[in-house]
Amino acid sequence: MPPKERVPKSFCRAPFLTIQMTYPEFPDSDNFTTIGDILNGVVDGKSISVRGWIYRTRSSGKLSFIVLRDSTGIIQSVVSSDSVSESSFTASKKALVESSVLVTGTPIKDERAPGGWELKASNFEVLHYADTFPITKDQSDEHLLNNRHLWLRSRDMVSCLKIRSTIFQAFRNYWISLGYAEVQSPSFTTSACEGGSTLFNVSYDDHNEKSGQKFYAHLSQSWQLYAEATMFGLEKIFTVAPSFRAEKSRTRRHLTEFWHAEVEAAWTHNHQMMELEEGMINTILNEVLSNNLSELEHLGRDISLLQNVKGPFEKMKYSDVIDELNSLGFDLSWGDDFGYKEEKALTSSRTQPLFITHFPKEKGFYHRPDPEDPKSLVCHDLLAPEGYGEIIGGGERIWSPDELDTRIREEGMEPASYGWYMDLRKYGSVPHSGFGLGLDRLTSWICGAEHIKNVIPFPRTMRRTNP
RNA sequence: GCCGCUGUAGCUCAGUUGGUCAGAGCACCCGGCUGUUAACCGGGCGGUCAUCGGUUCGAAUCCGAUCAGCGGCGCCA
């Protein structure tokens, strides 16, 4: 075996050093203008410099048209052999799409340019000549997924990811403003939180042989059991974390690794939590509408549909939903679970989110049976409109130790196998509620995405873990 | 787990009943063009037809298996 390559000590410790690094080919300077500022008319008529990548390139004899992009937009620059050095002009003709460039010039309004603005180049410098970019105008879903590491540069992906960022931030800000604390729970777990869901198994070298177990741990499907423990100290908590489901689901709404926003609060009833969720959805939508209009427009989203979402959201009991579905031609009886077909029928004609409450007991052992109607639960789902379906599942948790014991046995499980979770009901148990929100599904709805894969940088599905 | 579909050049695809079927456009390279809008004109490069096996005088084409991927259902967020 060849000797292991040694990493220079100074490299390892780079963050702690204050050595001034200089890159002669790339000036240490903030003296660059964003394309967004140019398009907003901030620097009309002045000579400025732009740094970015080549988005499109066309040339004719003595003239190159180089469309530049940065994270804020795109602008066409015109490189004329009359107004730049020979090396600049050659570079502009030679550089392929996605080459990184530094361009100096004067922005002017010009109707002939896409976007209405144009940069008259006085200097055109290529920092790195790109190889032939694998993504051209002929694109298939599969090719774009195989090249997702490069497709992330596309305006579609950038728009979705900007909106996604707003959504994540708005979620956090909303709960923090209500006095909730952000808490982290482990991704390695040994307790299933929800029966039925399939768990990923994680191995750990020879741990398995030594311990006699088949695996080291599962990957978490939800923080809920941990949240119920943490809640007793902090009372109001939330998290944003990945959850993992090994279901063999192949739909436009499923990922094996998805971003789960979850909330848990002591002294809180189901109906109170639903009100908070409504406020959360409205807050997130308002933030997106005030920060990401251009991204929504680029994606072709019907913005009026989002603007028209206002509370109070419609609330229906499960039994009434069954009646509505049967009036639409379904044949369901009380106790039947309904799937996406039913969700789609309910939500495709609606323009507002829809709460469904009082599901049958089978939905989850940890949800509290309704004292007035013990065969149903004090719980809720929230369905997004336009056919996007379920984005939230939540409810009031059982807080009485005896009731929890009974429910677990009813589900054919042994309370003892829940170990420390049963402990939580022994020491000052209190009423509490919580929910889980699929952030990718929420983003998918807000973006109007065709597929949930379109709104996460590196989607993980049952058949894809690359790139 | 179930149902359906796809695999031919770097990309998007055509290829009829098995017989000049190794093709086009784009990309890339060379040349031309001073207003292009993922331009245009001329030329060039480029494929073990997913893999393996079978049927046949002959297979990209028919059959089987395998691999990879896509869409949907059920389940869930």
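In the text below, chain A, chain B and the rest are named by the order of the sequence lines, each starting its count at 1.
Here B:rU34 is the nucleotide among B:rU12, B:rU34, B:rC70 with the atom lying nearest to any side-chain atom of A:Lys62. Listed nucleotides: B:rA77, B:rC75, B:rC26. Nearest to the side chain of A:Asp138: B:rC26. Here the nucleotide nearest the side chain of A:Lys453, chosen from B:rC11, B:rC76, B:rC70, is B:rC70. The side chain of A:Glu247 sits closest to B:rC76 out of B:rC70, B:rC76, B:rU34. For A:Lys248, counting side-chain heavy atoms from C-beta on, the closest listed nucleotide (B:rG74, B:rC33, B:rC70) is B:rG74.
No hydrogens or angles were tested; on distance alone, a donor-acceptor pair under 3.5 Å links the side chain of A:Gln76 to the base of B:rU36. Counting distance only, with no hydrogens placed and no angle test, the side-chain atoms of A:Lys137 and the base atoms of B:rG10 include no donor-acceptor pair under 3.5 Å. Donor-acceptor pairing under 3.5 Å, judged by distance alone, is absent between the side chain of A:Thr136 and the base of B:rC26. For A:Asn146 against B:rG69, no side-chain N or O and base N or O form a donor-acceptor pair under 3.5 Å. Below the 3.5 angstrom threshold, one finds a donor paired with an acceptor across the side chain of A:Glu118 and the base of B:rG35.
Look at A:Arg155 and A:Glu295 and you find no salt bridge, because none of the NZ, NE, NH1 or NH2 atoms lies under 4.0 Å from a carboxylate O.
Of all non-hydrogen atoms in A:Ile322 and A:Asp336, the two that sit nearest each other are CD1-O, 4.3 Å.
The aromatic ring centroids of A:Tyr366 and A:Tyr418 lie 6.0 Å or more from each other.
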